[in-house]
2 protein chains.
Amino acid sequence: MDEDKTTRVTVRNITDLARLAGVSPGTVSRALAGKSLVNTKTREKIEALAREHGFRPNQMASGLRRQKTGVIGVVIPLGHDSRQQISDSFFMTLLGHLADELTREGYDLMLRRVVPEDDADWLDRFIGSGMIDGVIVIGQSDQFDRIEDVADGYGPMVVWGNHTEGQRHCVVGTDNRLGGRLAAERLIAAGATRLAFLGDTTAMEFAARFAGAQDIASRMGLPPIITLPTHLSPDRASEEIAQHLAARASQIDGIFAATDTLAALCLTELRACGIAVPGDMKLAGFDDLPIARQTVPPLTTVRQDIAAGARGLVDLLLRRLAGEKTESLVLPPQLVVRATT
Amino acid sequence: MDEDKTTRVTVRNITDLARLAGVSPGTVSRALAGKSLVNTKTREKIEALAREHGFRPNQMASGLRRQKTGVIGVVIPLGHDSRQQISDSFFMTLLGHLADELTREGYDLMLRRVVPEDDADWLDRFIGSGMIDGVIVIGQSDQFDRIEDVADGYGPMVVWGNHTEGQRHCVVGTDNRLGGRLAAERLIAAGATRLAFLGDTTAMEFAARFAGAQDIASRMGLPPIITLPTHLSPDRASEEIAQHLAARASQIDGIFAATDTLAALCLTELRACGIAVPGDMKLAGFDDLPIARQTVPPLTTVRQDIAAGARGLVDLLLRRLAGEKTESLVLPPQLVVRATT
DNA sequence: ACGCAATTTGCAAACGATTGCAAGATTCTT
DNA sequence: AAGAATCTTGCAATCGTTTGCAAATTGCGT
């Protein structure tokens with residue numbers, strides 16, 4: 001009979017539960033928070049009641065009072081190429097690992113995609129919302145300056161992207177320039193002498209990859225690397241690649257694609273043009289996504305360690321939340337030789 | 001001189017701003033919320049001050065008071081196959097579209113991955129946190145019953161997955177069984193008579209795809225379809241597929257893969273075994289991910305309209321938030337014939 | 001000028017959990 | 001058994017915004 005009554009009661013807040021337990025709200029709060037100040041028997045009673053009624057303290061109220069939310073914001077600026085990018089495997093995989101790491105540290109993840117062109121205020125707005133304790137920015141896109149501005153006044157921010165000499169925001173990323181060198185070295189070692197870079201060099205990461213490749217080309221006394229700009233979305237990119245190939249294929253014998261995704265598309269177009277890989281054309285990608293193993297022939301590429309990147313991002317962010325002043329983290333890329341070079 | 005003073009003041013809450021504007025906090029709140037009750041000149045003054053100081057109302061406090069947060073939870077239960085799944089292109093693409101749709105509707109997205117085995121309480125915990133206005137569950141995994149339980153007491157929930165006769169939770173998904181029929185029909189039309197299904201049939205969606213294929217096999221008087229269970233993570237799956245092929249390849253002439261990802265891996269293994277596709281073996285996938293166009297030969301598959309799915313999920317969720325009682329939405333799959341059948 | 005209606009504002013009580021402080025209850029000393 | 005020391009608890013303010021209600025201001029017609 002008593003059971004009927006208790007289960008009928010709805011308990012929506014800590015006060016209701018306190019009434020049931022015959023104690024004050026403060027005690028319930030302390031008990032549920034696992035503080036040591038509360039008597040073991042009282043705690044057990046409260047915990048039992050909480051379990052029985054499926055009670056969970058309201059995170060909003062808690063967040064408001066404690067001035068921390070337990071939520072980390074993850075924002076993806078869609079800068080130069082609004083449409084695609086998010087379904088870019090690389091970012092998505094990174095996001096997955098981030099979710100894992102943050103969960104493991106007891107944080108929730110609030111995801112936001114923004115189009116900086118439409119909303120100049122995107123970063124401040126997110127930070128100022130009071131909803132998040134810190135923010136991870138995935139990709140600098142073309143927003144380097146804005147991120148720099150914010151970094152001066154706001155500590156708990158870490159950015160995935162390219163490290164530039166003297167920058168003020170804390171960044172985690174692969175050494176893209178080195179990666180570019182590795183790719184170019186391999187292409188050249190495989191016999192290529194007239195190289196092209198496939199991808200949009202206005203994106204910082206890509207620019208660095210290009211620059212690395214150019215370093216090597218210059219050092220070896222080869223002609224400057226041609227750039228073949230493309231968008232990232234597969235449908236547009238395919239067309240653009242086809243056009244590039246039609247116009248330039250005869251002038252080059254090696255392609256360094258900014259991304260495995262682009263490399264895979266390029267491979268398809270090359271096949272359509274009847275250009276043999278690696279016979280007539282060497283090809284290298286970047287990222288080492290799963291697809292790199294499945295193209296025909298399998299793709300030579302530069303691997304980024306995504307899991308390590310995610311771990312780095314979260315680790316640095318937590319340190320910054322604790323007040324520490326952290327340096328950027330630059331991860332080494334690794335050449336993976338398969339069959340396109 | 002006045003400017004110096006005003007810019008020096010930090011304004012962290014609505015009360016500070018009210019002081020500056022010489023009005024009461026209530027008025028500021030109304031002005032910023034765009035309510036009609038406030039005088040135009042006062043409003044403009046307040047808006048100007050807010051802009052000048054970069055003030056943004058605290059979402060936590062607002063959420064607490066209004067009892068709504070403007071955040072939708074998106075949860076991915078990692079049931080039968082913890083590791084991979086999230087980097088599964090399909091889910092990630094869906095997530096991307098969800099982010100777009102929710103943003104467009106003015107909602108934020110809180111992402112959570114859970115391992116139901118470790119945390120039986122995953123769904124209630126999320127819902128009860130007070131942080132989200134509603135929840136979208138991506139994939140039923142093996143948690144059908146738990147979702148059903150919750151659905152009775154909690155309205156604003158929509159699930160991506162398979163629709164089962166008489167279920168109580170609102171679901172959006174492709175007609176997997178029909179999709180399975182389409183795939184099997186095509187395989188058979190291409191000349192296959194002894195079919196196998198590649199994938200783990202304990203996942204509901206996959207089970208339905210298998211059942212659809214079996215429908216057709218039975219109707220045509222063909223032998224029962226063999227199941228070749230695999231995990232979803234590429235590394236494990238590759239091995240498992242190789243083993244399956246070694247053991248069974250001679251007994252079958254058509255494979256229906258639960259997923260394009262699996263189909264692509266399978267294609268690689270088939271090539272390694274020297275089995276010609278579609279000559280010796282027909283192959284069909286499911287999803288129509290970008291990779292389906294890039295395999296060699298390009299993959300015949302069953303397309304799911306991911307964007308429409310995301311739109312459906314968000315649309316139904318919003319309707320439910322408005323109190324409406326909505327039916328499930330079953331989307332038609334579409335056969336895409338390429339070169340593996 | 002005056003009264004009445006229509007606009008604008010301010011007041012103060014919510015929303016639900018946390019926490020410093022002090023009071024009350026136990027236990028321990030001597 | 002009294003007093004000190006230690007545990008437990010309750011009280012009430014606080015986090016920052018919203019909103020019902022009432023007060024104050026304005027506008028309007030006569």
Side-chain angles (χ1 to χ4, degrees), chain A residues 9-47 49-50 53-71 106 108 125 127-133, chain B residues 9-47 49-50 53-71 106 108 125 127-133:
Chain A
V9 179
T10 46
V11 24
R12 18 191 82 275
N13 57 35
I14 226 171
T15 312
D16 291 351
L17 196 60
R19 202 182 349 263
L20 282 186
V23 296
S24 78
T27 304
V28 173
S29 172
R30 281 184 274 252
L32 262 31
K35 306 235 170 167
S36 54
L37 308 89
V38 51
N39 183 299
T40 314
K41 299 192 72 169
T42 339
R43 171 200 312 284
E44 278 165 3
K45 182 174 177 185
I46 293 172
E47 279 169 349
L49 279 170
H53 291 83
F55 171 77
R56 326 201 164 285
N58 182 309
Q59 301 269 86
M60 288 267 146
S62 167
L64 176 58
R65 172 63 225 243
R66 310 207 343 259
Q67 297 290 83
K68 49 156 72 182
T69 63
V71 179
D108 267 313
R125 182 198 303 288
I127 289 170
S129 71
M131 287 280 267
I132 57 178
D133 291 342
Chain B
V9 179
T10 47
V11 24
R12 19 190 80 277
N13 57 35
I14 228 173
T15 311
D16 291 351
L17 196 60
R19 202 183 348 266
L20 284 185
V23 297
S24 79
T27 304
V28 173
S29 172
R30 281 184 274 252
L32 263 31
K35 305 235 170 167
S36 54
L37 307 89
V38 50
N39 183 299
T40 314
K41 298 191 72 169
T42 338
R43 170 201 311 285
E44 279 164 3
K45 181 175 176 185
I46 292 172
E47 278 169 349
L49 279 171
H53 290 82
F55 171 77
R56 324 198 166 287
N58 183 308
Q59 302 268 86
M60 287 268 146
S62 168
L64 176 58
R65 171 63 225 238
R66 311 207 342 261
Q67 296 290 84
K68 50 158 68 182
T69 63
V71 179
D108 266 313
R125 181 198 304 288
I127 289 169
S129 71
M131 288 279 266
I132 58 179
D133 292 342

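Order of the sequence lines fixes the chain letters, A, B, ..., with proteins taken first and strands second; residue numbering starts at 1 for each chain. These numbers come from a predicted model, not from an experiment.
Here B:T27 reaches the OP1 or OP2 of C:dG10: one of its side-chain N or O atoms lies under 4.0 Å away. A sub-4.0 Å separation between OP1 or OP2 of D:dG16 and a side-chain N or O of B:T15 is absent. Within the structure, a side-chain polar atom (N or O) of A:S29 is placed less than 4.0 Å from OP1 or OP2 of C:dT18. For C:dG16, the OP1/OP2 oxygens have a side-chain nitrogen or oxygen of B:Q67 closer than 4.0 Å.
Checking C:dT9, D:dT17, C:dT18 against every side-chain atom of B:N13, the shortest atom distance belongs to D:dT17.
Rounded to the nearest 0.5 angstrom, A:T40 OG1 and A:E47 CD are separated by 10.0 Å. The structure places NZ of B:K45 at 11.0 Å from CG of B:N39, a figure rounded to the nearest 0.5 Å. Taking CZ from B:R30 and CG from B:L32, the interatomic distance works out to 12.5 Å, rounded to the nearest 0.5 Å.
For the pair A:M60 CE and D:dC15 P, the computed distance is 19 Å after rounding to whole Å. Regarding B:F55, its CZ atom lies at a distance of 10 Å from the P atom of D:dG16, rounded to whole Å. At whole-Å resolution of the value, CG in A:N58 and C1' in C:dA17 are 8 Å apart. Rounded to a whole Å, the CE atom of A:M131 is 14 Å from the P atom of D:dT17. To the nearest angstrom, P of C:dA17 lies 9 Å from CG of A:L32. Rounded to whole Å, the distance from CZ on B:R66 to P on D:dG20 is 13 Å. Atom C1' of nucleotide D:dG16 and atom CG of A:L64 are separated by 6 Å, given to the nearest angstrom. Atoms NZ (A:K68) and P (D:dG16) sit 16 Å apart, rounded to a whole Å.
Positionally, the nearest nucleotide of DNA chain C for B:S24 lies more toward the 5' end than for the other of B:S24 and A:A61.
At a threshold of 4.0 angstrom between heavy atoms, the contacts of B:V28 with the nucleic acid are absent. Contacts of B:R12 with the nucleic acid, taken as non-hydrogen atoms under 4.0 Å apart, are absent.
Side chain of B:T69 to main chain of B:M131: a donor-acceptor pair is present (N/O by atom type, distance under 3.5 Å, no hydrogens or angles).
Looking at B:R65, its side chain has no donor and acceptor atom pair within 3.5 Å of the base of D:dT17.
Evaluated for a side-chain contact (heavy atoms from CB on, under 4.5 Å) with B:P25, the options B:D16, B:T15, B:L17 yield exactly one hit, B:T15.
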